[in-house]
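Structure, as C-alpha cells:
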Amino acid sequence: MPELPEVETFRRNLSQGNNGSPSVIGKVIHNADVLWNGVLEMPSVDEFLHRVPGQTVVGVGRRGKYLLLHLSQDTLILHPRMSGEVILEKQEKELGKHYRLILNFQDGTRFAFNNVRKFGRVWLTETLDDVLSELGPEPLSDDFTPEQLFDILQTCHRQMKYVLLDQHMIAGLGNIYTDEALYLANIHPRTKSDSLSFSEVETLWKSIRKVLNQGIENQGTSIDWIYKGGDYQRLLQVYKQDGDPCPRCGTTIKKTTIAQRSTHYCPSCQPAPN
DNA sequence: ACGAGCGCCTGTCGGC
DNA sequence: TGCCGACAGGCGCTCG
C-alpha cells in the first residue's frame, strides 16, 4: 500500500489528530510490546523494550515512505511496505490480529503498527542516517528542482518505470503514483531515462509533484481492503483503468508488466520508445 | 549497468 | 460451495 501520500496521511493524522482521535505529540511511553519479533530491524527486542519507556513523542515526520516518530531521545522509524498501517487508539480495545508492535502511552492510549503481510519494518535509533542515508531526494521539498531530476535521470540508462520506483533515485513513489505521473507527462514507462529532453523532464517534475500533492489532498488511494480512508482512487487516470478509454484521447488503456509490477499506460498518449 | 526472477507473507477474488 | 491459482500499494538479494 503505502506510498508517499499514504504515509504522509499517517503522519498528519498522528501529528494533528483526526476525527476525534488526538495528536500523538506529547504522549509519554509507558511500555512497548513486540508481537512479532521479525518486525524489529534494530536494536534487539530486549534493548527496544528497555529503551522506549519514559520517552516522550516530540514530533512526527516522514522521509520518502518512512514514517518517523521522533521521541525525546531516539527516533522510531517505520516502513509499512505493502500492507502496513499505524493506529492510535485506547488500550482497552482488543488487539488487532495483525498488530506487530505497540507502544502503550501513560494516558491509556496506544500506538499500534498493524501489518497483514509481515513485510513492514521498524528501527529505533538516534541516528537517522543508519536507515535513511541511501534515499534519493524528497520530491515535494523546495530543494527538489527540475534540474536535479534531469541530473538524476542522466546518471543512468534505465527504463523510466524502474527509475521512478527506485528509492535511491527519488524517495516516495510507488507503483500507483509512478504510473500516474508518467501518464500525466506523456512518457512511456519503457523510455530510457537519459533520452528525455530537459523540457520533458520539466513536465515529468510537475507531474510527479501534482500526483503526489493530489494524493495527499485526498488522503491517499484506497483500491482494496488493505487501506481505507483515501479518495484518490476516484482520480486515477490509468492505474487499474486498463480496458477503459484514456480520459484524454479515448484510446484503450493498456496493462503490461515492467519491473515485475503491473504497469498501466495509454499507448497513444505515451508512445513507445524506439 | 541493467533487469529478470525470486522470496518474504497473508488475504481476496475469479475461474472452474 | 469449495478449491486453487493469480494477484496485491515494496524491496533486497542473486544471477546472467
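In what follows, chains are A, B, ... by sequence order, proteins preceding strands, each numbered from 1. If you're wondering where the values come from, they're calculated on a predicted model, not measured in any experiment.
- Here the two rings, on A:F105 and A:H30, have centers that are 6.0 Å apart or farther.
- Between A:I258 atom CD1 and B:dG5 atom P there is a gap of 14 Å when expressed in whole angstrom units.
- Rounded to whole Å, the distance from CE on A:M82 to P on C:dA6 is 17 Å.
- Summarising the geometry, the separation between NE2 on A:H264 and C1' on C:dC7 is reported as 11 Å, rounded to the nearest angstrom.
- As judged by a 4.0 angstrom heavy-atom cut-off over every strand, A:K192 is placed among residues touching the sugar-phosphate backbone only.
- Among the nucleotides B:dG3, C:dA8, C:dG12, the one closest to any side-chain atom of A:H168 is C:dG12.
- A:Q91 and A:R110 share no side-chain donor-acceptor pair at under 3.5 Å.
- Computed from coordinates, the A:I176 CD1 to C:dC7 P distance equals 17 Å when rounded to whole Å.
- Looking at heavy-atom distances under 4.0 Å, A:K255 makes contact with sugar-phosphate atoms alone, never a base.
- Going from atom CG of A:L164 over to atom C1' of B:dG3 covers 16 Å, rounded to whole Å.
- Side-chain contact check for A:P22 versus A:K27: some heavy-atom pair is nearer than 4.5 Å.
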Letter per nucleotide, 5' to 3', of nucleotides 6-12 of chain B [B base touched, S only sugar-phosphate touched, - untouched; heavy atoms, 4.0 Å]: --BBBSS

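- Aromatic rings from A:Y66 and A:W123 are positioned such that their centres are separated by under 6.0 Å.
- Backbone-only engagement by A:Y239 is indicated by non-hydrogen atom pairs under 4.0 Å involving sugar-phosphate atoms exclusively.
- For A:Y232 and A:Y177, the distance between ring centers is under 6.0 angstrom.
- Residues A:E202 and A:K206 are not paired through a salt bridge, judged by the lack of any N-O separation under 4.0 Å between the basic side chain and the carboxylate.
- For the pair A:H157 and B:dC2, the criterion of a side-chain N or O lying under 4.0 Å from OP1 or OP2 is not met.
- Taking only side-chain nitrogens and oxygens, A:K240 never comes nearer than 4.0 Å to OP1 or OP2 of C:dA8.
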